[in-house]
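Here the structure is laid out as structure tokens; the discussion comes afterwards.
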There are 2 protein chains.
Amino acid sequence: MSIRQDVHSSGIPVLCQSCEARHRGVCGALDADQLVGLAKTSSKHQVEAGVELVGDAETVGSYSNVLSGVVKLTKSLSDGRQQVVGLQFAPDFLGRPFKAESEINAEAATPVALCSFPKTVIERMMKESPGLEHRLLKQALNELDEARDWIVMLGRKSASEKVASFLVLIARNIDPAANASAPSASFDLPLTRSDIGDFLGLTTETVSRQLTRLRAERVIRIENNRHVIVDDMKRLEQRCGD
Amino acid sequence: MSIRQDVHSSGIPVLCQSCEARHRGVCGALDADQLVGLAKTSSKHQVEAGVELVGDAETVGSYSNVLSGVVKLTKSLSDGRQQVVGLQFAPDFLGRPFKAESEINAEAATPVALCSFPKTVIERMMKESPGLEHRLLKQALNELDEARDWIVMLGRKSASEKVASFLVLIARNIDPAANASAPSASFDLPLTRSDIGDFLGLTTETVSRQLTRLRAERVIRIENNRHVIVDDMKRLEQRCGD
DNA sequence: CGCGACATTGAGAAGGGTCAATCCCAGTGG
DNA sequence: CCACTGGGATTGACCCTTCTCAATGTCGCG
């Protein structure tokens, strides 16, 4: 069994050997040959927090897998008002197929590791391998579901419910131990207060006040302004409004 | 030319002959044989405004194309607060592949014509014909783009900007003459004031006040509470904030 | 005519926004 | 080692937009 496994995986590029995207991400839809083809033109990058990913020369004309860290997608109105429209965690696929310019900005919210490859290569593979398109469809539908939950949140929740919902979202995506059933969680916030505000449609000050309130009510503890500990996830979830 | 056309279309089911979904909708990805297969199990429905489409026996386990009218997708919080998370116009595809229950309610906002078919048939065809999956991916990505624009609107726009944006959206989707370049538009609102509120994250009263304001400023005219006339789309667009 | 659903309008309350002062803390350089 | 600096974060006071609650208006229809 393990021998067959080894034989099988011997055709997989070194670059991809330990890559999470090969399992849970889009690359899982590719066979060894395709992986080799893709790996030839792909490269891993490491960027620090704050770097623009889209509009930046490095990824124009290319797609990426997020290997670690958090990428923040934003849109702006003409007068500068900004809104975060999505967060991408590993092993999400980053990029908008079938469209030249996206009008969306992507920025590393934390230090981020990416595996990038030219648009053309992926688009060719999509034609050859329906499985890949299937994966992308699934991710798109998932993101659509998430976007719709976010719409409900923005449209109908109060400030304190928004902040609680945000913390739950982050806990679920960042703390590896915080599965649905885990009673507690502990994680670093990947965003500044003002980013969180841009995410929730609130101001920095309101986010701060709501965090203070949650802390005063002993729902969360905060260390170093960034690290959050939730002893009882249930209590936090009760404050999400849904 | 017209003869060849006729010969070619002779294989197309009567049901589909004049159907818009065959051109701009998902059925455009199917060849004549597949159309015949699909048409065998599909049927056109006409439902009146207010009918629940999902959760209702008629469409559980099935997908549909919207042929005419407007379908309203909503989600609710446990205490009853409601939010519209999407509107579907002809020839949109209605349904969420790869997921048993959607937690989303779909309701006819106006009288609606649908062409429905069992999930199983479409899902089989998706495996056979990559073109179909491609169409669905495109629609999903488009809806995702729209959802993100909506997120910006909900998170960052003022009540008056929201109402103006809503009117522009409807004008674009309902008034056949209102292409991007048309200077004026005229249409019936497919939603009640309170539905519009649920769409924009506002109350009925606020929607009403903003409409009154737009009318007072001669940006729009309203007849019979439902019919809206925009003489100068540019002026309306200027109030959208973007 | 009168009912019921939807829409408008008004007055008052409140949730968040705005502006400004202060705090906190990680670096940095003396 | 300590003071200084600068970028978040927090807190407070005040204000404004939007919500809430309630009254009134309008239209279609039996």
Side-chain angles (χ1 to χ4, degrees), chain A residues 48-50 72 77 79-83 107 109-111 153-167 188-217 220-228 239 241, chain B residues 48-50 72 77 79-83 107 109-111 153-167 188-217 220-228 239 241:
Chain A
E48 49 190 337
K72 169 183 88 171
L77 299 179
D79 64 357
R81 280 173 287 176
Q82 204 178 48
Q83 175 70 37
E107 180 184 327
T110 65
M153 206 218 46
L154 289 169
R156 289 302 180 205
K157 288 190 185 176
S158 69
S160 63
E161 289 169 331
K162 286 180 178 178
V163 171
S165 304
F166 174 75
L167 292 175
D188 277 351
L189 291 172
L191 303 180
T192 65
R193 301 292 188 274
S194 106
D195 282 341
I196 297 173
D198 287 347
F199 197 91
L200 299 172
L202 300 171
T203 58
T204 315
E205 294 93 325
T206 301
V207 172
S208 183
R209 280 188 250 270
Q210 295 304 331
L211 286 174
T212 303
R213 211 153 74 78
L214 284 174
R215 197 176 39 196
E217 293 171 1
I220 60 173
R221 282 179 286 152
I222 301 180
E223 283 169 6
N224 292 329
N225 265 348
R226 277 293 182 123
H227 193 76
V228 175
R239 285 158 205 261
Chain B
E48 51 191 335
K72 169 183 89 170
L77 299 179
D79 64 358
R81 279 174 288 178
Q82 203 179 48
Q83 175 69 36
E107 181 185 325
T110 66
M153 206 218 46
L154 289 169
R156 290 302 181 204
K157 288 190 184 175
S158 69
S160 63
E161 289 169 332
K162 286 180 179 179
V163 171
S165 304
F166 174 75
L167 292 175
D188 277 351
L189 290 174
L191 303 180
T192 65
R193 302 292 187 272
S194 106
D195 281 342
I196 298 174
D198 286 347
F199 197 90
L200 298 172
L202 300 171
T203 57
T204 315
E205 294 93 326
T206 301
V207 172
S208 183
R209 281 187 248 270
Q210 296 304 331
L211 286 174
T212 302
R213 211 153 74 79
L214 284 174
R215 197 176 40 196
E217 294 171 0
I220 60 174
R221 282 179 287 151
I222 302 180
E223 284 169 5
N224 293 331
N225 265 346
R226 277 295 182 122
H227 193 76
V228 175
R239 286 158 205 262

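First the proteins, then the strands, lettered A, B, ... as listed; each starts at 1.
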Of the options B/T203, B/V207, B/T204, which is the one that meets B/S194 in a side-chain contact (heavy atoms from CB on, under 4.5 Å)?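 Single pass found, and it is B/T204.
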
Just to verify, what does [X] make a side-chain contact (heavy atoms from CB on, under 4.5 Å) with, not counting sequence neighbours?
{"X": "A/E48", "result": "A/V51"}
{"X": "B/R209", "result": "B/E205"}
{"X": "B/N224", "result": "none"}

Keeping the roles fixed (side chain from A/Q83, backbone from A/F199), state whether a donor-acceptor pair exists under 3.5 Å.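 Pair found, side chain donor or acceptor close to backbone of A/F199.
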
Student check: side-chain heavy atoms of [X] and [Y] closer than 4.5 Å:
{"X": "B/R81", "Y": "B/D198", "answer": "no"}
{"X": "B/K157", "Y": "B/L200", "answer": "no"}
{"X": "A/F166", "Y": "A/L211", "answer": "no"}
{"X": "B/Q210", "Y": "B/R239", "answer": "no"}

Between B/T203 and D/dT18, is there a side-chain N or O to OP1/OP2 distance below 4.0 Å?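 No, because none of the side-chain N or O atoms of B/T203 sits under 4.0 Å from OP1 or OP2 of D/dT18.
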
Once you round it to whole Å, what is the distance between [atom2] of [N] and [atom1] of [X]?
{"X": "B/R156", "N": "D/dT17", "atom1": "CZ", "atom2": "P", "result": "17 Å"}
{"X": "B/Q210", "N": "D/dC16", "atom1": "CD", "atom2": "C1'", "result": "14 Å"}
{"X": "A/L154", "N": "D/dT18", "atom1": "CG", "atom2": "P", "result": "15 Å"}
{"X": "B/K162", "N": "D/dT17", "atom1": "NZ", "atom2": "C1'", "result": "11 Å"}

Under a criterion of less than 4.0 angstrom to any heavy atom of chain B, what are the 5'-terminal and 3'-terminal contacting nucleotides of DNA chain C?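 The protein-touched segment is C/dA7 to C/dA11.
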
Which heavy atom of B/G201 sits nearest a heavy atom of B/K162, and at what distance?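 Looking at all heavy atoms of both residues, the shortest contact is O-NZ, 4.0 Å.
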
Using a heavy-atom cut-off of under 4.0 Å over every strand shown, decide if B/G201 touches base, sugar-phosphate, or nothing.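 The answer is sugar-phosphate, as B/G201 gets under 4.0 Å only of primed atoms, P, OP1 or OP2.
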
How bent is the helix from C/dC1-D/dG30 to C/dG30-D/dC1, comparing axes over its five end pairs at each side, to the nearest 10°?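 Its terminal axes enclose an angle near 20°.
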
CG of A/L214 to CZ of A/R221: how many Å apart, nearest 0.5 Å?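 It is 14.0 Å, given to the nearest 0.5 Å.
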
Extract from the structure each pairing of a protein N or O with an N or O of nucleotides 7-10 of chain D at less than 3.5 Å, listing the distance.
residue, atom, partner, partner atom, Å
D/dA9, OP2, A/R193, N, 2.8
D/dA9, O3', A/N225, OD1, 3.3
D/dT10, OP1, A/R193, NH2, 3.3
D/dT10, OP2, A/R193, NE, 2.8
D/dT10, OP2, A/S208, OG, 2.7
D/dT10, O5', A/S208, OG, 3.0

